[in-house]
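Both backbone and side-chain heavy atoms feed into the values below; hydrogens, waters and symmetry mates do not. Bear in mind that the values here come from a model prediction, so they are computed numbers and not experimental data.
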Amino acid sequence: MKREQLIDRAIAAGIALLLFGWWEVASRSGWISTLAFPPPSRIIANFGVLWDQGFLQKVGYTLGRFAAGAVIGAVPAILLGLLVGSRVRLNRIIDPFIAAMHPIPKIVLFPLFIVIFGVSDVSKLASIALTVFFPAFINSAAGARSISPLYFEVVRNYGGRRRQAFWYVLLPGSAPMILTGIRIAANVGLLVTIAIEFTMTSNGIGSIIWLAWQTMKTEDLYAGVVTLSVIGVLINSTIRYILRQVMPWQAAG
Amino acid sequence: MKREQLIDRAIAAGIALLLFGWWEVASRSGWISTLAFPPPSRIIANFGVLWDQGFLQKVGYTLGRFAAGAVIGAVPAILLGLLVGSRVRLNRIIDPFIAAMHPIPKIVLFPLFIVIFGVSDVSKLASIALTVFFPAFINSAAGARSISPLYFEVVRNYGGRRRQAFWYVLLPGSAPMILTGIRIAANVGLLVTIAIEFTMTSNGIGSIIWLAWQTMKTEDLYAGVVTLSVIGVLINSTIRYILRQVMPWQAAG
Amino acid sequence: MTFAVENVTKEYGGGTGQTAALEGVSFAARGTEFISIIGPSGCGKTTLLKIIAGLVAPTSGRVMLNGAAGEGKVRTSLVFQDHGLLPWFDVLKNVALGLKLQGIAWPEARERARHFIAQVGLERFMRHHPHELSIGMRQRVGIARAFVADTQILLLDEPFGSLDAQTKLVLQQELLRIWRQHRKLVVHVTHDIDEAILLSDRILVMSGRPGSILEEIAVPFERPRTLEVLEASVAGQIRRHIWQVLEAEVKKSLWVTT
Amino acid sequence: MTFAVENVTKEYGGGTGQTAALEGVSFAARGTEFISIIGPSGCGKTTLLKIIAGLVAPTSGRVMLNGAAGEGKVRTSLVFQDHGLLPWFDVLKNVALGLKLQGIAWPEARERARHFIAQVGLERFMRHHPHELSIGMRQRVGIARAFVADTQILLLDEPFGSLDAQTKLVLQQELLRIWRQHRKLVVHVTHDIDEAILLSDRILVMSGRPGSILEEIAVPFERPRTLEVLEASVAGQIRRHIWQVLEAEVKKSLWVTT
Amino acid sequence: SERELTSASMVAEKPQRDRVRMSLPLSVAAGPAVIAHAEGFFADEGIDFEIMRLDANSALLGVASGSLDVFTNPVRSGIFNMIARGTRIQIVADGTHSTAGPCVPEGFTAPPALARRVKAKGLRGQRLATIKGGSTEYLMTRLLASQGLTTADVEMVEYPAGESSTGEFRVLDAVRFNFEPSLTVQREKGLIEMVATAQDVAPGYQRIVIGFGKRLLDDDPELGRRFMRGWLKGVRRYNEGKTEGNVSILSNFTQLPPDLIRKTCWPSISADGMINLDGVRHMLEWMHQAGYLETEIPEAVWWNPDFAVTAARELGDESRAVE
Ligand SMILES: Nc1ncnc2c1ncn2[C@@H]1O[C@H](COP(=O)(O)OP(=O)(O)OP(=O)(O)O)[C@@H](O)[C@H]1O
Ligand SMILES: Nc1ncnc2c1ncn2[C@@H]1O[C@H](COP(=O)(O)OP(=O)(O)OP(=O)(O)O)[C@@H](O)[C@H]1O
Ligand SMILES: [Mg+2]
Ligand SMILES: [Mg+2]
C-alpha cells in the first residue's frame with residue numbers, strides 16, 4: 001500500500017514534468033506564443049523577482065480574505081445544511097429559497113452589497129461567504145439525507161437526544177459529502193476572492209494578475225496562477241487527510 | 001404525505017410573500033434605498049416593458065449558451081469522475097491535477113481558449129464547460145468512492161463485466177452525489193454564463209444586467225435576477241424529480 | 001413495572017403501496033419476564049420490537065407502561081437484527097455508545113464496554129471498525145452494546161442468528177445471567193424453537209403477515225435450565241405444537257409443497 | 001469438473017493492523033458434491049467463499065478447477081451472508097440480475113426470475129425495493145437470485161440464518177432439488193449442525209481464526225433424506241463430534257465458562 | 001516644512017479630522033488624489049483621506065448610500081438617470097479629458113495589419129469591438145460617423161472593451177478602444193497601432209468626472225470645499241508632469257514600474273476643475289437618442305461648478321500659471 005502510493009505520486013509528478021517540459025520546449029522553439037505562454041523556466045525565475053517585491057505578503061492578503069469569507073460562509077452552511085437535510089419538511093420549505101438564491105450572481109450584484117454593508121471589507125467578505133455558502137449547504141444537506149435512518153434509530157434507542165444525534169450520527173455520517181462540498185466551496189470561494197481582487201482591491205493575487213494583464217507581464221500572471229494551483233492542491237490534500245481520519249473505511253488513497 | 005407536501009408549499013409561498021411584502025413597504029416608505037431596492041411591484045410592472053423588447057429571446061440566448069456549455073462540461077465530468085472515483089490508484093494520480101486546475105480563474109485561461117478556439121462563441125462555451133466540469137467531476141468521483149464494494153462484488157459474482165458494473169452499480173449507486181454535483185455545477189455554470197454575457201455579449205440575461213447597470217435602471221437589473229432565480233428553481237425541481245425516480249428509498253420530499 | 005402492548009396495528013405506506021405489517025397485536029408482561037416471539041419471516045416481529053422501543057410509530061394501538069401510554073418512555077435497548085453498528089466508530093466506541101449517550105464519563109464507559117467486549121470474545125478487535133469484522137462478529141458487538149447499556153427492557157431481534165452453536169450457547173447463558181441478576185423484561189425474537197424453549201418463560205407465536213399473536217405458550221421448566229430440558233416430553237410437545245402452527249402459517253404464503 | 005482449494009491463506013491488512021483470516025486451507029471436491037462448512041464465528045468462512053468466487057484475492061494458495069488455477073473462472077453464484085441486494089433495484093430486477101448480466105433478454109429473464117420469486121414466497125413484493133422488506137425477506141431474495149442464475153458452482157453463506165424453521169425447510173428442499181437436477185457443486189456455510197447433516201455429502205469443520213480445515217466428515221445417509229435421519233444414531237455421533245470440536249475451538253477465544 | 005508646521009498645528013487644534021472616502025481606479029488617472037494624499041494636501045485641509053478601489057457602479061451606489069463621499073466615474077447614462085430619480089449626487093469636477101498633443105493616452109487601436117488597412121481604406125467591413133451602453137459606445141458611433149458609417153457597415157465583435165475591461169492581455173484582431181498602460185505596452189511590443197485617437201473622434205472628450213454625494217453637497221459643504229482645495233492642489237502638482245516625486249507616488253500607488261509610468265501618456269486634467277460642458281452635452285444628446293436616458297434633466301441639476309470655482313479662486317492664480 002505504502003509503496004503503491006509512492007509509485008502513484010511518482011507517476012503524477014512524471015506527468016506534470018512531461019507537460020511542463022513540453023511547454024518549455026514548445027515555448028522556447030516558438031510553436032506556441034512565448035508572450036501568451038512563456039517557458040516555465042522563466043516563470044520560475046520570475047518568482048525570485050516577485051519575492052523581493054513582497055509576493056508572500058500579497059498572497060497573505062488573498063489567503064486572509066479567502067479564509068475569513070470561507071469560514072463565515074461554510075460554518076453556517078454546514079450547520080444549516082445538516083439541519084435542513086435531516087428534516088424532510090424543513091427541506092421542502094427551505095430548498096426553493098436556496099435554489100432561487102444560488103444562481104444570483106454575487107460579483108455582478110456586488111454594488112448592492114455596498115449599499116448594505118458599506119464600502120468596507122465587509123462587502124467583499126460577504127460576497128466570498130455567500131459564494132462559499134451554497135455548495136457547502138447543498139452537499140451538507142444531501143449528506144444528511146443520505147444517512148440510513150437505522151443509525152438515527154440506534155442513537156434514539158440508546159436514549160440519545162437530538163443534539164447527541166448530531167455528533168454521533170449526523171456529522172460523521174455526512175462527513176464525506178460535507179468535505180466534498182467544502183472542497184468545491186473552497187475552490188469557488190477562491191475564484192471569487194480573485195475576481196474581487198481583480199477590480200476591488202489593490203493587493204492580493206487577484207491584483208497581481210490584473211496588473212500583469214495591464215502590463216502584459218505574463219510571467220507575473222503565471223506566478224499568480226501557479227500560486228493558486230498550489231493553494232488548490234493544499235486545500236485538497238488537507239480535505240483528503242481529514243477524510244481519511246474521519247472515514248477510515250472509505251479512504252481512497 | 002400528499003397533504004403535508006401541499007402545506008409545506010403553502011408555507012414556503014407564505015414566507016416568500018411576507019418577504020416581498022416587507023420589501024415593498026420598506027422600499028415605498030424609504031427605509032431601504034428605492035434606487036438599490038425598487039419595490040417588487042415596480043419590478044413586476046417593468047417586466048411588461050421588457051417583454052415587448054424581446055426579453056424572452058434574450059433569456060433564450062442565455063439558456064442556449066448555458067445548456068450547451070453545461071452539457072459539454074458535465075457529461076465528460078461525470079464519466080471521468082466515476083472512472084477516477086472507482087479506481088483508487090487512478091484517483092491518486094489524477095486528483096492532484098484536478099485540484100491544481102480547479103482554482104485557476106477561467107478568465108485567465110481565456111487567452112488559451114482564444115488560441116485554441118479563436119474569437120468565436122466556442123471560447124465562451126469552453127469557459128462555461130470548464131466551470132461546470134469541476135463540481136460535477138468532484139462530486140461524481142466522491143459518489144463512486146462512497147459505493148460499498150459489496151455491490152461491485154455482487155455484479156462480479158454474477159459474471160458482470162466492468163462495462164456492466166457501470167450501469168448496474170456505479171451510475172445508480174452514485175446517482176445522489178452526481179445529481180447533487182450537477183445541481184451545484186448547473187448553478188456555477190449559470191453564474192459564469194452571466195459573467196461572460198456581462199461584458200462579452202450584447203444578448204442574454206447578462207447583457208440585460210450589464211445595460212441595467214450602465215443606465216442604473218435597477219428594475220431591469222432585478223428582472224434579470226428574478227429570471228435567474230426562476231431558472232434556478234426549475235433546475236432544482238428537475239434534479240429532485242430525477243432523484244425521486246432513481247433513488248426511491250432516499251427521496252426527501 | 002407492568003407492560004402491555006394494546007391492539008397495535010402497523011401499515012407501511014410508501015412508493016410501492018400499502019403493506020399491512022401488524023394487525024391487532026396485544027399482550028401483557030410482568031416487568032421481569034423473559035418472553036420469546038416466534039413467527040414466519042416477514043410477519044412483523046422487527047416492526048413490533050421497534051414499536052415497543054418507540055422507534056417506529058404504530059398506525060393504531062399503543063404500548064402501556066405502568067398503566068400509561070409509554071412507547072419509548074422507559075429506556076429500552078434493542079439488539080438490531082441488522083446489527084446497527086455505526087460504521088464511523090470502532091468496536092469500543094460502538095459498545096460504549098449507550099453509556100456515552102447517558103453522559104457517563106469516558107474512562108468508566110470504556111472500562112464497562114471493555115468488559116462486555118471481552119465477554120463476546122472480541123477483545124483483540126476493540127479498535128477495529130465494523131467493516132473489518134465478520135457478520136457474526138458484528139452481531140456480537142451489537143449484543144455487547146445492548147448488554148452494557150443495562151436498561152429496564154431488553155429487546156433482542158434474532159440476536160444469535162449468525163453465531164455458531166457454541167458461541168450462541170455462551171451468549172445465551174450470559175443473557176440469562178444478566179436477566180436474572182438485573183431483573184429486567186426481555187422480549188426476544190427468534191426462529192429457533194429450541195432456543196425459545198430453553199430461554200423463555202412464555203413463547204408468543206405470531207401469524208403470517210399481517211402479524212398478530214396466535215398463541216401464548218408458557219414454558220413450565222424450572223430454572224436454571226440445562227440443554228437436557230429440550231429432551232423432556234413437554235419440550236417435545238411445545239416444539240411440535242409451534243411447528244404445526246408455523247407450518248400452517250407459512251403454507252399460506254409459500255405455495256411450494258415440501 | 002474437479003475442484004480443489006490448495007493451501008489458501010488470507011491476511012487482511014488495513015488501518016488497524018494485519019488480521020490473519022485463513023491459514024493453509026485445502027480441500028478437494030467432485031463437481032456434483034454437496035459440501036457444508038461449519039466453523040466458529042469469524043473463522044474465515046465468508047472469506048473462503050469469496051476467494052472461491054474470485055471476489056477476494058488470497059494472500060497465497062489457489063483455487064484449482066479441472067487442474068488449472070481458476071478463481072472466478074468458472075461461473076459461481078454466491079448467496080451473500082449480508083444479502084447483497086442492490087438497493088436501487090426492486091425485487092424483480094435484483095433476482096433477474098444474473099440473467100441480465102448474462103445478456104438474457106428481459107422478457108425471458110423476467111419470467112424466470114418471477115418463478116423463483118414465487119418459490120420464495122415473495123410474489124406480492126416483486127416491485128418492492130430492498131429497504132421495504134424484512135431481513136428474512138431480503139435473505140430469500142438473495143437465495144432466489146442465486147437459484148435463478150443456475151451456475152456450475154453454488155456458494156451459500158448461511159443462506160437460511162434469518163428464516164423461520166418452516167420457510168427454511170421449504171427452501172432447503174428446493175435447494176436439494178436444484179442441486180440434484182442440475183448436478184452442480186454446492187459449498188454451503190452454516191452454523192446449524194443438523195442442517196449440515198441433513199443436506200451434505202461431506203461436512204468440513206474449521207478451526208477458529210485463522211481458519212483451517214480441522215476435520216472432514218462424510219455423511220453416510222441415503223438420499224432423499226427426511227428429517228428422521230437426524231434421529232439416527234450416526235447423526236447423533238456426528239453431531240456430538242462436531243459439537244466437541246467446535247467447543248474446543250470456541251473456548252480458545254471466549255474465556256467465559258458456560 | 002511650512003506645510004508640516006501647519007498640519008501639525010491643525011492636528012493640535014483639531015484632533016478630530018474629517019474622513020473623506022473616494023473611489024479611484026488603479027491607474028494614472030487617479031493622479032491628483034493620490035498625489036494630494038501623498039503630499040499631505042488633504043491633511044492640510046483637515047481631511048483624513050481614504051482611497052477605495054471600486055468599480056464604477058459600486059462607486060455610484062456607495063456615494064448614493066452614503067458610505068462613500070466622492071465618486072470617480074466615466075461619463076455615462078447611469079449618473080444622469082440616478083440624478084433624475086432623485087439621488088442626491090452631482091458632478092463637481094473634471095476627472096480626465098482629451099487634449100491635443102503628441103502623447104495620447106486613449107484611442108482606437110488595432111493590430112498593425114488591420115490598422116494599416118483601416119487607415120488606407122476606412123472602417124467599412126472591418127471588425128470593430130465594443131460593448132453597449134458605455135461611453136465607449138458613444139466614441140465608437142463618433143468614429144463611425146466620422147467616416148459616414150453606422151454599425152451596420154462594420155463587423156461587430158462582442159468583446160470586453162472600454163472601462164469595463166480588465167484584461168488587456170488578449171490581443172484582439174479588431175479595432176477597439178484602448179488606453180494606458182496597455183496602450184504603451186502593446187505599442188512597444190509592436191502588437192497594435194493607433195487608428196484614431198479619442199481627441200480625433202471627439203475633441204476634448206470628457207472621459208472621467210468626479211462627483212459628490214449628499215454629505216459633501218448639503219450636509220457639510222465646507223468639507224466639500226476643503227476637499228476640492230486639496231484635490232485641485234493635487235491637480236496642479238499632477239500637471240507639473242513626470243517629476244521624480246509624481247512618478248514615484250504614482251508608481252507606488254499603481255504598482256507599475258516607474259519607467260513604465262514615465263513612458264505612458266498621462267491624461268489631461270483641468271487645473272480649475274472645469275469639465276468640457278459642450279462635450280458632455282453632446283454625449284447626453286446621444287444617450288437620449290440611444291434610449292439610455294430616462295428623462296432629460298437640466299444642466300444645473302447634474303453639474304455643480306461652485307466647489308471648483310471657489311477652490312480655484314482661493315488657491316489663486318498659480319494654478320493657471322501651470323496650465
Ligand atoms: N475487510 C476486512 N478487513 C479486515 N479484516 C477483515 C475483513 N473482512 C474480514 N476480516 C477479518 O477476517 C476474519 C474472517 O472473517 P470472515 O467474514 O471470513 O468470517 P466468517 O467465518 O464468515 O465469520 P461469521 O461466521 O461471523 O460470518 C475476521 O476475523 C474478520 O475480522
Ligand atoms: N420501511 C418499510 N417500508 C415498507 N414496508 C416495510 C418496511 N419495513 C418492513 N416492511 C414490511 O413489513 C412487514 C414486516 O416486516 P418486519 O421487518 O417487521 O418482519 P419480521 O417479522 O421482522 O421478518 P424477519 O423475520 O424476516 O426479520 C414486511 O412484510 C415488510 O415488507
Ligand atoms: Mg425481522
Ligand atoms: Mg461469514
Asker: Show every donor-acceptor pair shorter than 3.5 Å between a side-chain atom in residues 100-114 of chain A and any protein atom, with sequence neighbours excluded, or say none if there are none.
Answerer:
residue: A:His102; atom: ND1; partner: B:Asn187; partner atom: ND2; Å: 3.1
residue: A:Lys106; atom: NZ; partner: A:His102; partner atom: O; Å: 2.8
residue: A:Lys106; atom: NZ; partner: A:Ile104; partner atom: O; Å: 2.8

Asker: Specify the closest pair of heavy atoms between B:Arg92 and A:Arg240, including all atoms of both residues, with the distance to one decimal.
Answerer: CA-NH2, 4.5 Å
Asker: If I measure from the heavy atoms of chain A, does B:Ile209 come under 4.5 Å with its side chain, its backbone, both, or neither?
Answerer: side chain
Asker: Between B:Leu190 and chain A, with a heavy-atom cut-off of 4.5 Å, which part of the residue counts as in contact: side chain, backbone, both or neither?
Answerer: side chain
Asker: Side chain, backbone, both or neither: which part of B:Phe198 has a heavy atom under 4.5 Å from chain A?
Answerer: side chain
Asker: When only heavy atoms count and the cut-off is under 4.5 Å, which of residues 12-21 of chain A reach chain B?
Answerer: A:Ala12, A:Ile15, A:Ala16, A:Leu19
Asker: Please name all residues satisfying side-chain contact (heavy atoms from CB on, under 4.5 Å) with A:Leu90, sequence neighbours left out, ordered by chain then number.
Answerer: A:Leu83, A:Val84, A:Arg87, A:Ile94
Asker: Among B:Asn236, B:Asp8, B:Ile7, B:Leu191, which residue forms the greatest number of heavy-atom pairs with chain A at distances under 4.5 Å?
Answerer: B:Asp8
Asker: Which bit of A:Ile116 is near chain B, if near means a heavy-atom gap under 4.5 Å: side chain, backbone, both or neither?
Answerer: side chain
Asker: Select, from B:Gly189, B:Pro135, B:Pro149, the one with the greatest count of heavy-atom pairs under 4.5 Å involving chain A.
Answerer: B:Pro135
Asker: With a 4.5 angstrom heavy-atom cut-off, is it the side chain or the backbone of B:Tyr222 that approaches chain A, or both, or neither?
Answerer: side chain
Asker: What part of A:Ile93 gets closer than 4.5 Å to chain B, counting heavy atoms only: side chain, backbone, both or neither?
Answerer: both
Asker: As an exercise: rank A:Thr131, A:Ile231, A:Asn139 by heavy-atom pairs under 4.5 Å with chain B and give me the winner.
Answerer: A:Asn139
Asker: Which salt bridge (Lys or Arg N to Asp or Glu O under 4.0 Å) pairs, counting each pair once, include a residue from residues 182-194 of chain A, with sequence neighbours left out?
Answerer: A:Arg183-B:Asp95
Asker: Give, as side chain, backbone, both or neither, the part of B:Ile184 having an atom under 4.5 angstrom from any heavy atom of chain A.
Answerer: both
